[in-house]
Amino acid sequence: QVQLVESGGGLVQPGGSLRLSCAASGSIFSINAMGWYRQAPGKQRELVAVRTSYANTNYADSVKGRFAISRDNAKNTVYLQMNSLKPEDTAVYYCNADGIYQTAGPVLYDYWGQGIQVTVSS
């Protein structure tokens, strides 16, 4: 069974940095796209950043120049380096994997982690 496990969240002061990690476990051969979404209280879930296995990336305008997404394809892990954090970055951050090719079984689409809290506050 495939699982996505996030780590690295927490409380940070404005201007600080955090690094999120998301590791996919299970009988995985490869994953097409891995990324991060976030949902602030009272708001819809939104894309933060996504990276494909071919290293194509896409960022929300609000995080360009501050956040960087990277992947270790061999470890089926995606990272989100968040710098110059602002209070408006406060949200639950969700890892997403799309196009999970298993060693046996069907391709999985739009798979989500349980989410991790990031709070930016002084």
Side-chain angles (χ1 to χ4, degrees):
Q1 185 175 354
V2 173
Q3 286 188 318
L4 301 180
V5 178
E6 299 117 331
S7 61
L11 172 64
V12 64
Q13 292 186 341
S17 298
L18 280 176
R19 188 190 193 213
L20 303 183
S21 300
C22 172
S25 63
S27 300
I28 298 171
F29 177 70
S30 66
I31 303 175
N32 182 23
M34 296 187 77
W36 294 92
Y37 290 71
R38 67 186 181 187
Q39 187 167 18
K43 294 188 176 182
Q44 289 190 329
R45 192 174 297 187
E46 62 175 2
L47 170 72
V48 177
V50 64
R51 185 178 177 100
T52 71
S53 57
Y54 295 100
N56 295 318
T57 59
N58 188 30
Y59 291 93
D61 288 343
S62 59
V63 307
K64 285 180 180 177
R66 300 189 297 122
F67 291 10
I69 189 169
S70 59
R71 281 179 64 171
D72 185 333
N73 291 331
K75 295 181 179 179
N76 294 318
T77 299
V78 64
Y79 307 95
L80 185 67
Q81 179 66 44
M82 304 185 294
N83 300 324
S84 302
L85 282 160
K86 305 175 181 180
E88 51 263 44
D89 295 316
T90 295
V92 177
Y93 284 70
Y94 295 90
C95 177
N96 178 270
D98 193 41
I100 302 174
Y101 291 82
Q102 304 182 89
T103 54
V107 179
L108 304 177
Y109 297 98
D110 208 22
Y111 224 72
W112 294 92
Q114 293 202 340
I116 191 165
Q117 179 69 44
V118 171
T119 302
V120 184
S121 175
S122 56

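When a residue number appears, it is its place in the shown sequence, counting from 1.
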Hydrophobic clustering (ILVMFWY, side-chain heavy atoms < 4.5 Å, transitive) - are [Y] and [X] grouped together?
| X | Y | answer |
| --- | --- | --- |
| L18 | F67 | yes |
| V92 | L4 | no |
| Y59 | W36 | yes |
| I116 | V63 | yes |
| V78 | V2 | yes |

Geometric class of the W112/Y37 ring pair [parallel <30°, tilted 30-60°, perpendicular >60°]: perpendicular
Other residues, nucleotides, ligands: >12 heavy atoms within 6.0 Å of Q44 CD: no
R45 to Y94 six-membered ring, cation-pi geometry met (6.0 Å, 45°): yes
Cation over ring face, R71 and Y79, 6.0 Å, 45°: no
Steps toward side chain to side chain contact (heavy atoms under 4.5 Å, CB included) verdict (V50, T57): CA-CA 6 Å; V50 64; T57 59; over 6 Å; no
Spacing of [atom1] belonging to [X] relative to [atom2] belonging to [Y], to within rounding of 0.5 Å:
| X | Y | atom1 | atom2 | result |
| --- | --- | --- | --- | --- |
| I69 | M34 | CD1 | CE | 8.5 Å |
| R66 | M82 | CZ | CE | 9.5 Å |
| Q13 | L85 | CD | CG | 11.5 Å |
| T52 | I31 | OG1 | CD1 | 12.5 Å |
| T103 | I28 | OG1 | CD1 | 9.0 Å |
| I100 | S27 | CD1 | OG | 12.0 Å |

Criterion side chain to side chain contact (heavy atoms under 4.5 Å, CB included) on E46 and Q39, from CA distance to verdict: CA-CA 6 Å; E46 62 175 2; Q39 187 167 18; over 6 Å; no
Side-chain donor or acceptor of T90 paired with backbone N/O of E88 under 3.5 Å: no
Polar side-chain atom of E6 near backbone of C95 as donor-acceptor pair, under 3.5 Å: yes
Candidate pair N96 and D98, rule side chain to side chain contact (heavy atoms under 4.5 Å, CB included), full reasoning: CA-CA 7 Å; N96 178 270; D98 193 41; 4.1 Å; yes
Distance-only polar pair, side chains of N83 and S17, donor-acceptor under 3.5 Å: yes
T119 versus Q117, side-chain donor and acceptor atoms under 3.5 Å: yes
Considering all heavy atoms, the nearest A55-R51 contact: CB-NH2, 3.5 Å
Criterion side chain to side chain contact (heavy atoms under 4.5 Å, CB included) on V118 and L20, from CA distance to verdict: CA-CA 9 Å; V118 171; L20 303 183; 4.1 Å; yes
Carboxylate-amine/guanidinium contact D89 K86, below 4.0 Å: no
Side-chain heavy-atom pair P87, S121 within 4.5 angstrom cut-off: no
